[in-house]
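Working notes for the structure below.
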Amino acid sequence: MQYRILGKTGLKVSRMGLGGIPIQRIDAEGTKTLIRCLMEQGINYIDTARGYTVSEEYLGEALEGIRDRFILATKSMSRTKEAMAADIETSLRNLRTDYIDLYQIHNAQPADLETVAAPGGALEALLEARAQGKIGHIGLTTHTAETFRLAVELPWVETIMFPYNIVENQGAELIRVCAEKNIGFIDMKPLAGGAIEDATIGLRYICANEDVTLVIPGMAELREAEQNIAAVSNSAPLTAEEEAAIAQVRHELGTNFCRRCNYCAPCTVGISIPSVFLFEGYLSRYGLEGWAHQRYATLKNTASECIGCGVCEDRCPYNLPIREMMKSAAEKFGR
């Protein structure tokens, strides 16, 4: 296993870590088995979140006795000091540890950056927790390129997590900026939420980009872990055959895959179109039906409210049939 320094954190991380979303699909014993397998193969980075239901708890139980073998990261949607402080304490209890290596502001939107840094904002709680030794470093995760652009200029941001894969490469230039500014770049959604079925070619593509510090595919089964470890451990340059396979994946998904670039916004009736498709992916490809419905229920406007005006399709640089995709999402979620 290759190792990298995670930007200005100074943490030495394995090139691949565990993305903790799919932990929700297995039980506590299955999590223990998975974590032991990853440890034996040199994987030392685990990412989870307060919002991933049982993920923190199962991981905390699995890490008992081997906590020092891993760099542990979690994240919170809280935006105020009080709520963030409470979430940090909950994470510490769930993960059965007295420190968390990296605590991240989860799924930040552009407006959130000002909110969390204002007096009484979440950043105050994070800075206090860091001073107290409860957390080691502060990062940020986002699905929007605009937040990414703003975040690379913020001095308190030590790491940034953003989607990057064969079909979502809108962040490539900003990933390069991360490398230049010594900000650790953590790649989420490496298989486009399960849309890229060939995990080996998907991970090989990502690791060919030297500016990617760390990639965190979601894993719940030993079979997945073994396949992913083999792919990341292969440091040979991409072959012509692999390049052709990458081009084929891009072609096949290009007609029906949302990159969350947000060029479709604003929706005429206020629907967050990328969010609808993100949650639909959790439902259809991750197999997380209950969690997907919970996340979808937080939307102010749902897919069923689409009026079919087509303005979003005119703006979409990938010519997606958004109106048909919205109808499909509305049918799947029932609203």
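Just so you know, these numbers come straight off a predicted model, no measurement behind them.
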Could you check whether any side-chain heavy atom of [X] comes within less than 4.5 Å of a side-chain heavy atom of [Y], counting everything from C-beta outward?
X	Y	value
E57	T31	no
R335	Y296	yes
V232	I206	no
T159	V157	no
I216	I186	yes

What's the separation between atom [atom1] in [X] and atom [atom2] in [Y], rounded to the nearest 0.5 Å?
X	Y	atom1	atom2	value
I105	R79	CD1	CZ	6.5 Å
F279	F333	CZ	CZ	8.0 Å
L238	R204	CG	CZ	5.0 Å
T80	L123	OG1	CG	12.5 Å
L174	K181	CG	NZ	10.5 Å
K134	L126	NZ	CG	12.0 Å

Would you say [Y] and [X] are linked by a side-chain donor-acceptor pair, where the criterion is simply a distance under 3.5 Å?
X	Y	value
Y103	S76	no
R93	T90	yes
E313	N319	no
T213	R4	no
T74	T48	no
D112	Q109	no

What's the verdict on side-chain contact (heavy atoms from CB on, under 4.5 Å) for E56 and L59, showing C-alpha distance, side-chain angles and the deciding distance?
CA-CA 5 Å; E56 281 187 342; L59 287 168; 5.9 Å; no
Under 3.5 Å, side chain of [X] to main-chain N/O of [Y], donor-acceptor pair present?
X	Y	answer
T142	N107	no
W291	Y282	no
T298	R295	yes
E153	L150	no
Q248	A244	no
D187	P190	no
T200	A231	no
Q41	L38	no
T115	A111	yes
R50	S78	no

Take K81 and E128 through the test salt bridge (charged side-chain N to carboxylate O under 4.0 Å, His left out) and record every step on the way to the result.
CA-CA 10 Å; K81 179 180 180 180; E128 288 183 7; 2.8 Å; yes
Applying side-chain contact (heavy atoms from CB on, under 4.5 Å), can you list everything that pairs with A28, at least two apart in sequence or on another chain?
Y58, E61
Considering residues, nucleotides and ligands other than [X], do more than 12 of their heavy atoms fall under 6.0 Å from its [atom1]?
X	atom1	result
R36	CZ	no
E146	CD	yes
E89	CD	yes
E114	CD	no

Salt bridge check: are D87 and K75 linked by an N-O gap of less than 4.0 Å?
no
Between E168 and R250 (salt bridge meaning N to carboxylate O under 4.0 Å), is one present in this structure?
no
Of all residues at least two apart in sequence or in a different chain, which pass the ring-ring contact (aromatic ring centres under 6.0 Å, His included) check with Y205?
Y164
If you apply the rule side-chain contact (heavy atoms from CB on, under 4.5 Å), what do you find for L95 with L72, and how did you get there?
CA-CA 9 Å; L95 292 165; L72 193 54; 3.9 Å; yes
Quick one: sort the F148 and F185 rings into parallel, tilted or perpendicular, breaks at 30° and 60°.
parallel
So among E324, M325, K332, which one has a side chain to side chain contact (heavy atoms under 4.5 Å, CB included) with S328?
K332
Pair Q24, T53 - check side chain to side chain donor-acceptor pair (under 3.5 Å), show working.
CA-CA 7 Å; Q24 299 169 91; T53 61; 2.7 Å; yes
Test D101 against R67 for salt bridge (charged side-chain N to carboxylate O under 4.0 Å, His left out), laying out the working first.
CA-CA 11 Å; D101 298 279; R67 164 68 183 91; 2.9 Å; yes
Does the side-chain contact (heavy atoms from CB on, under 4.5 Å) test come out yes or no for E243 and T239, once each step is laid out?
CA-CA 6 Å; E243 294 281 9; T239 66; over 6 Å; no
Decide side-chain contact (heavy atoms from CB on, under 4.5 Å) for I175 and I160; before the verdict, give the C-alpha distance in whole Å, the side-chain angles of both, and the deciding distance to 0.1 Å.
CA-CA 9 Å; I175 297 171; I160 294 175; over 6 Å; no
Under a 4.5 Å side-chain heavy-atom rule over Ile, Leu, Val, Met, Phe, Trp and Tyr, are [X] and [Y] clustered together?
X	Y	answer
M219	I201	yes
I66	L34	yes
Y45	I135	no
M188	I166	no
M1	I71	no

Aromatic ring proximity F162/H143, centre distance under 6.0 Å:
no
Less than 3.5 Å apart, which donor and acceptor atoms pair up between the side chains of residues 7-15 and the rest of the protein, not counting sequence neighbours?
residue	atom	partner	partner atom	Å
T9	OG1	L6	O	2.6
T9	OG1	L11	N	3.1
S14	OG	M16	O	2.7
S14	OG	N44	N	3.0
S14	OG	N44	OD1	3.0
R15	NE	V212	O	3.2
R15	NH1	C207	O	3.4
R15	NH2	N209	O	3.1
R15	NH2	V212	O	2.9

